[in-house]
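To keep things clear, I will list the structure first and then write my remarks on it.
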Amino acid sequence: MLQLKDIENSAEEIKASLAKRNWSQQAIHIIDEIIELNNQRKAIQTALDNDKAELNSIAKEIGDLFKAGKGSQTTDLKSRVTQVKESAEKDELLLSATLQALDEKLISVPNTLHSSVPAGKSETDNEVYKAWTKDLPQLHDGALPHWELAEKYNIIDFKLGALIAGSGFPLFRGKGSRLQRALISYFLDEGNKAGYEEIVPPLMVNEDSAKATGQLPDKEGQMYHVTKDDLYLIPTAEVPITNMFRDQIVDEKELPIKLTGYTPCFRREAGSYGAHVKGLNRVHQFDKVEIVQIEHPDKSYETLYSMIAHVEQILNNLNLPYRILKLCGGDTGFTSAITYDFEVYSAAQGRWLEVSSVSNFETFQSNRLKLRYKDESGKNQFAHTLNGSALALARIIACILENFQTPDGIIMPKVLVKYLGFEKID
RNA sequence: GGAGAGUUGGCCGAGUGGUCGAAGGCGCACGCUUGGAAAGCGUGUAUACUCCAAAAGGGUAUCGAGGGUUCGAACCCCUCACUCUCCGCCA
């Protein structure tokens, strides 16, 4: 959520950012409405505060009279109280209606884009930040897409997954299952090496947490909701891990705080269908190792690029062709100021698959989280939050299976062998 | 699932209707003291909104959350959330 202060101080900049997100002039008018509502709020609040101040002082006066044994002299004061209360009650109603209206509008405004984010309407307008310049893998004749390899080697069973839960819930078995576990261990170890503290968070979160990181109300339909207990299955570890800092004030010296965690991720993906969701391309449950940093505003961009480098290194080690996209305004997530997506080449499908998304949220999340740090002068400031996938497993597995297939088996990346205990799926 | 206890500032903890944004202690910061440190002494030490051009200084709200009683609520009443203990069940 944007800060009112920022909206007041940099309205024009924010409007320009909304235009980059392809908002219409009419929709952008919301910024003026917010400023106007906030002015109303201030006026009402001042009036209300004055009434309350008067009530407080009358109460004190009455108290003093009672103590002095002059309780009989309070009648006039009490009738004044009735009067002031009436006006205060009116203002109270007005104030809560205004606050609600203000909040509704405020919560519907996305993060202000970083000035370097390119304009554009959809994913086709994303800028290639780093292209893959080397050769793409050449597959042998009769090479198969991963869902057929999965069946051939009996390592992933989509039909059983569908029987047990539904489509989009793959079941890994045998070497498929071990590949999954190896990747998780490898990714976590890389995170540990890079100085991230490892976390195993809850897999369900309450409404407050989902709101704080911006999943609610923006992505309500994307999450599985356990209505009986009013909990949400996490769509990413970002939600529980970032919420570790809800309502926290950290010391400036503790920054940056670096955390990593492996969790399954649950996404409803309502409305998805077709070839693009086949196999592991888009599933309701997948595993992911996430990296999160809480950083000083002055250093958050430096940090963003170090996180990108971290992901790159992992992909290099796995020997997978990848490219990095800088998302355009139209494709950048609601809560993000800037996002870089990593795509890995899936050789048998001939497609690039998104496997990581690294973002700087600046203060958008910390404002809702109320995550602050105390600066040198002792003032509380909102910290910047960043996160990225390092990495999402399902699609990485798809690429490993497809890219490294040979007529007599799938050769595992070298870095994984010590985790796997085997070199080849055959 | 059943029964009970609890939730106060960075922490501990007092407080059962006005003098309570809240005693006391610890911690922390600054100063004095010291050759230096410790001890000691002194001062200060929440958050949000708001008034003021700014500072100084005001105002309002916050003692788990919401509502009620009252001129006045941390304190009385109601509802809810969470934590802990015991019993039951259970990986």
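In what follows, chains carry the letters A, B, and so on, assigned in the order in which the sequence lines appear, proteins first and then strands, with residues in each chain numbered from 1. Quantities reported herein were computed from a predicted structural model and do not represent experimental measurements.
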A/D247 CG to B/A48 P: how many Å, rounded?
-> 12 Å
Could you list the protein-to-nucleotides 49-51 of chain B atom pairs, N/O on both sides, closer than 3.5 Å?
from  : atom 1 : to    : atom 2 : distance (Å)
B/C49 : O3'    : A/R41 : NH2    : 2.7
B/C49 : O2'    : A/R41 : NH2    : 3.0
B/C49 : O2'    : A/Q45 : OE1    : 2.5
B/U50 : OP1    : A/R41 : NH2    : 3.2

Which whole number of Å gives the distance between the P atom of B/G18 and that of B/A29?
-> 37 Å
Re B/G36: Watson-Crick or G-U wobble partner, both distances kept under 3.5 Å, found to be none
For B/A61, the Watson-Crick or wobble counterpart (both distances under 3.5 Å) = B/U47
Can you tell me the pairing partner of B/G31 across any strand shown, Watson-Crick or G-U wobble, with both distances under 3.5 angstrom?
-> B/C41
Take atom C1' in B/C84 and the same atom in B/G31, then report the distance between them in whole Å.
-> 44 Å
With sugar-phosphate taken as primed atoms, P, OP1 and OP2 and all else as base, the protein-contact string of nucleotides 62-79 of chain B at under 4.0 Å (heavy atoms; B, S, -) is ---------BS-------
Under 4.0 Å between any heavy atoms, over every strand shown, what does A/N56 touch: base, sugar-phosphate, or nothing? Just pick one.
-> sugar-phosphate
pair_partner(B/G21), Watson-Crick or wobble, both distances < 3.5 Å, evaluates to none
Could you tell me which nucleotide pairs with B/C52 by Watson-Crick or G-U wobble geometry, both distances under 3.5 Å, or answer none if nothing does?
-> none
Nearest-angstrom distance from the residue atom CD1 of A/I44 to P of B/A61 = 17 Å
Whole-Å distance, A/K374 NZ to B/U45 P, equals 13 Å
Could you please name the partner base of B/G1, counting Watson-Crick and G-U wobble pairs only when both distances are under 3.5 Å?
-> B/C87
When you look at NZ of A/K211, are more than 12 heavy atoms from neighbouring residues, nucleotides or ligands closer to it than 6.0 Å?
-> no
Take atom P in B/G6 and the same atom in B/G15, then report the distance between them in whole Å.
-> 13 Å
Would the A/F158 and A/F169 ring centres measure less than 6.0 Å apart?
-> no
Output field: ring centroids A/F361/A/H384 closer than 6.0 Å = no
Where A/L102 and A/I34 come nearest, the two heavy atoms and their spacing = CD1-O, 3.6 Å
Have A/S300 and A/N360 got a donor and an acceptor in their side chains that come within less than 3.5 Å?
-> yes
What integer number of Å spans the C1' atoms of B/G88 and B/C75?
-> 37 Å
B/C78 and B/A22: how far apart are their C1' atoms, nearest whole angstrom?
-> 25 Å
With distance as the sole criterion, is a donor-acceptor pair present between the side chains of A/Q215 and A/Q222 under 3.5 Å?
-> no
Taking atom CD of A/E127 as the centre, report whether more than 12 heavy atoms of other residues, nucleotides or ligands fall under 6.0 Å from it.
-> yes
Answer yes or no: does a side-chain N or O of A/K370 lie under 4.0 Å from OP1 or OP2 of B/A46?
-> no
Mark yes when over 12 heavy atoms from residues, nucleotides or ligands other than A/E151 sit less than 6.0 Å from its CD; otherwise mark no.
-> no
Distance, rounded to the nearest Å, where A/D64 contributes CG and B/U19 contributes C1' = 9 Å
Rounded to the nearest Å, what distance is computed from the CG atom of residue A/N367 to the P atom of nucleotide B/A48?
-> 11 Å
Within 45° cone and under 6.0 Å: A/K288 NZ/CZ vs A/Y262 ring | no
Starting from C1' on B/U60, measure out to CG on A/L99 and report it in whole angstrom.
-> 13 Å
Are OP1 or OP2 of B/U47 and a side-chain N or O of A/R372 less than 4.0 angstrom apart?
-> no
Taking all heavy atoms of A/D51 and all of A/V84, pick out the closest pair and write down the distance.
-> O-CG1, 3.7 Å
Using whole Å, report how far CG of A/N50 lies from P of B/G58.
-> 16 Å
Where does the angle between the aromatic ring planes of A/Y301 and A/H114 fall among parallel (under 30°), tilted (30 to 60°) and perpendicular (over 60°)?
-> tilted
Verify the neighbour count for atom CD of A/E198: are there more than 12 heavy atoms of other residues, nucleotides or ligands below 6.0 Å?
-> yes
Nearest-angstrom distance, P atom, B/G17 to B/C12 = 26 Å
In residues 198-211 of chain A, what residues come within less than 4.0 Å of RNA chain B, judged by heavy atoms?
-> none
Rounded to whole angstrom units, what separation is found between the CG atom of A/L4 and the C1' atom of B/A48?
-> 13 Å
G-U wobble or Watson-Crick pairing nucleotide for B/C82 (cut-off 3.5 Å, both distances) = B/G6
Cationic tip of A/K258 above A/Y196 ring, under 6.0 Å, 45° of axis | yes
Within 6.0 angstrom of A/E423 CD, more than 12 heavy atoms from elsewhere | no
Is A/N380 touching bases, backbone alone, or none of the nucleic acid, heavy atoms closer than 4.0 Å?
-> sugar-phosphate
If pairing means Watson-Crick or G-U wobble with both distances under 3.5 Å, then the partner of B/C75 is none
For B/U19 and B/U34, measure between their P atoms and round to the nearest Å.
-> 44 Å
For nucleotides B/A65 and B/A74, find the distance between their P atoms and express it as a whole number of Å.
-> 12 Å
